[in-house]
Novice: 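Dropping a structure here in structure tokens format, bear with me for questions.
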Amino acid sequence: MTTVFKFGGASIKDADAIRQLTPLIEAHEDRPLVVVISAMGKTTNKLEALLAAARDESRTDEYRQCLDSLKTEHSEAMEALFGDSGESPAERVSALFQELDAQHRKHRSSPYAKHYDQTVCYGELISTTIVAAWLNRCSIATDWHDARKLVRTDSRYQAANIDWPTTAESIRQQLEDSDSVLLTQGFIGGTEEGEATTLGREGSDFSAAIFAHCLDAKEVVIWKDVTGLFNADPRRFDNAVQLERISYAEATELAWHGAKVIHPKTLGPLQEKSIPLMVRSFEAPDTAPSVIDAEQRFDADVPSCILRQDQVWLEVRPRNFSFMDEPRLHDILGRLVEAGMHANLVDSSAMRFALCLDDKPERLDPLVESLQGDYDVSRENNLTLLTVRHPQAGMMDELSKGREALAERRNATTAQRLFHSRDCPETWHIPD
Ligand code: ADP
Ligand code: ASP
Ligand code: MG
């Protein structure tokens, strides 16, 4: 039965990191093995900066500099890995950079989201080209596959929806039993017309789940720079502990509320086929992983804390002393859907509807402008949303001590409070 491995940006950030992949893959002798890979390090952020420069005629120099710096980073990794041996994929990578440049010229005036997908996908196309060549050089037989041809999506650029039947058929046909490692890109797909699409930032975990679902895999392993899924980000909470085992549903809740370690769409396709997900460390592969499967028994054992930074609080009021009634709520939520935004917390009263949103200017600014056309809108920036799953008595108050909460919400399993980021510490502590 198939196993799916997923390696994120941190695990292939440079030549040394790519070298450390080899023993992890060698240790897994069973085939088929599908390996899904992200772009190297922070390449996707840099491709987004390149895109912004490409769309602005006055920033041609910056565009060239960004492109050259991306080329240099990838060349340095290839030189360190291959020297000037004939096994270096330098020519193929250089051709991919030329394609990237040509796509920018072609799509400069296309809508932003389409231009994004036709260009940002190159991060993964390039990283997988390098890693496939490296594994082959290490005598691990590896076939490179183009996920744009395997993962069929609609043309909702930047958040493409999967066409499951077509995707399952092409994945099954092309990734049939093989003794080679089947290496492909996370995050990207393609339309029927052959346009590239992307599945949303951090979407490679979701890609791994798509391949696993379509191949009825035995398990998915996502290799991270942490030993597993913790009850809080171990970089922000000094006493975070690893969760040994939680359910698909609970992991989805944590991811949905902002636990960045897993993309929230990952668990659905795995749950449907009862495929377990292991979160393991590429730095300490012998440490016990976190296991996510159907078992719900341990979900409420430990409270979990999640921080969402860069939040904005919008208060929307009808003009002329009228109610915030259902037609108005429908109107506001409709505009939210149109803007492709998700409210992380909402609150309503007779003449007010308030929403906590991610501060993503390219989506938020047009939304605010549209609301201001018909409502009175006030806005608070630089906020942090704290969510606690399964809080113990008094825990939220202890975590909030000395901080004013702009908004709060609570139900049987989840408590949330919104704070000014300036009032929040860099390092948090989960109360006992
Ligand atoms: P990838 O390399 O796959 O993109 P990410 O950087 O997205 O990996 O995810 C790993 C990071 O997620 C960790 O370095 C950690 O700081 C952060 N993180 C946030 N919340 C959690 C959590 N609950 N458990 C573990 N890690 C978390
Ligand atoms: N490279 C993409 C990103 O950085 C996808 C991923 O890493 O999961 O968002
Ligand atoms: Mg990531």
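Read the numbers this way: they start at 1 and go in the same order the structure lists the ligands and their atoms. If you're wondering where the values come from, they're calculated on a predicted model, not measured in any experiment.
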Novice: Answer yes when Arg19 and Asp16 have at least one side-chain N-carboxylate O distance shorter than 4.0 Å, and no when they do not.
Specialist: yes
Novice: So which of Asp205, Thr44, Val151, Thr197 actually passes side chain to side chain contact (heavy atoms under 4.5 Å, CB included) with Phe187?
Specialist: Thr44
Novice: Check this for me: does any side-chain nitrogen of one of Asp359 and Arg379 sit under 4.0 Å from a carboxylate oxygen of the other?
Specialist: yes
Novice: If the cut-off is 4.0 Å to any non-hydrogen atom of Ala10, which atoms of ligand 1 fall inside it?
Specialist: 2 (O)
Novice: Can Thr384 and Gln309 be counted as having a side-chain donor-acceptor contact under 3.5 angstrom?
Specialist: no
Novice: Of Glu48, Arg201, Gln185, which has the heavy atom at the shortest distance from atom 3 (C) of ligand 2?
Specialist: Arg201
Novice: Any idea which part of Val226 is under 4.0 Å from ligand 1, heavy-atom wise: side chain, backbone, both or neither?
Specialist: side chain
Novice: Look at ligand 1 and say whether Gln242 reaches it with a heavy atom at a distance under 4.0 Å.
Specialist: no
Novice: Considering only heavy atoms of Thr44, which atoms of ligand 2 have at least one such atom less than 4.0 Å away?
Specialist: 1 (N), 2 (C), 3 (C), 4 (O)
Novice: Within a 6.0 Å radius of atom CD on Glu192, are there more than 12 heavy atoms belonging to other residues, nucleotides or ligands?
Specialist: no
Novice: Taking NZ, NE, NH1 and NH2 as the nitrogens, is one of them in Arg308 or Asp233 under 4.0 Å from a carboxylate oxygen of the other?
Specialist: no
Novice: Suppose I only count heavy atoms of Ser204 and a 4.0 Å limit; which atoms of ligand 2 are within that range?
Specialist: 5 (C), 6 (C), 7 (O), 8 (O)
Novice: Is the closest N or O pair between Trp223 and ligand 1 shorter than 3.5 Å?
Specialist: no
Novice: For ligand 1, which atoms, with element, lie under 4.0 Å from some heavy atom of Lys260?
Specialist: 7 (O), 19 (C), 20 (N)
Novice: Give the atom numbers and elements of ligand 1 that come within less than 4.0 Å of a heavy atom of Glu202.
Specialist: 4 (O), 7 (O)
Novice: Closer than 4.0 angstrom: is that true for some heavy atom of Glu124 and an atom of ligand 2?
Specialist: yes
Novice: Answer yes or no: does an N/O atom from Lys6 fall short of 3.5 Å to an N/O atom of ligand 2?
Specialist: no
Novice: Look only at interatomic distance and state if Arg235 has a nitrogen or oxygen under 3.5 Å from any nitrogen or oxygen of ligand 1.
Specialist: yes
Novice: Count the heavy atoms belonging to other residues, nucleotides or ligands that lie under 6.0 Å from CG of Asn411, then report whether that count exceeds 12.
Specialist: yes
Novice: Should the pair Glu195-Lys114 be classified as a salt bridge under the 4.0 Å nitrogen-to-oxygen rule?
Specialist: yes
Novice: Is Gly9 close enough to touch ligand 1? Criterion: a residue heavy atom under 4.0 Å from a ligand atom.
Specialist: yes
Novice: Short N/O distance, under 3.5 Å, between Asp205 and ligand 1?
Specialist: no
Novice: Compute the minimum heavy-atom distance from Pro234 to ligand 1 and say whether it is under 4.0 Å.
Specialist: yes
Novice: Distance-only check: which donor-acceptor pairs under 3.5 Å involve side-chain atoms of residues 88-95, not counting sequence neighbours?
Specialist:
residue: Ser88; atom: OG; partner: Ala90; partner atom: N; Å: 3.2

Novice: How does Ser38 reach ligand 2, by side chain, by backbone, by both or by neither, if only non-hydrogen atoms under 4.0 Å count?
Specialist: side chain
Novice: Arg409 and side chain to side chain contact (heavy atoms under 4.5 Å, CB included): which single residue from Leu418, Thr414, Asp347 fits?
Specialist: Thr414
Novice: Do other residues, nucleotides or ligands put more than 12 heavy atoms under 6.0 Å from the NZ atom of Lys71?
Specialist: yes
Novice: List ligand 1 atoms under 4.0 Å from Gly8, heavy atoms only on the residue side.
Specialist: 1 (P), 2 (O), 3 (O)
Novice: Residue-level breakdown please: for Ser204 versus ligand 1, do any non-hydrogen atoms fall below 4.0 Å on the side chain, on the backbone, on both, or on neither?
Specialist: neither
Novice: I'd like to check the side chain to side chain donor-acceptor pair (under 3.5 Å) partners of Arg235; sequence neighbours left out, ordered by chain and number.
Specialist: Asp225
Novice: So for Gly203, does at least one of its heavy atoms come nearer than 4.0 angstrom to any atom of ligand 2?
Specialist: yes
Novice: Pick, from Ile12, Val241, Asp233, Leu254, the option with the minimum heavy-atom distance to atom 19 (C) of ligand 1.
Specialist: Asp233
Novice: Should you measure from each heavy atom of Asp225, which atoms of ligand 1 turn up under 4.0 Å away?
Specialist: 10 (C), 11 (C), 13 (C), 14 (O)
Novice: For a 4.5 angstrom cut-off between non-hydrogen side-chain atoms, does Arg201 reach Asn45?
Specialist: yes
Novice: Is there a polar contact between ligand 1 and Lys224, counting only N or O atoms under 3.5 Å apart?
Specialist: yes
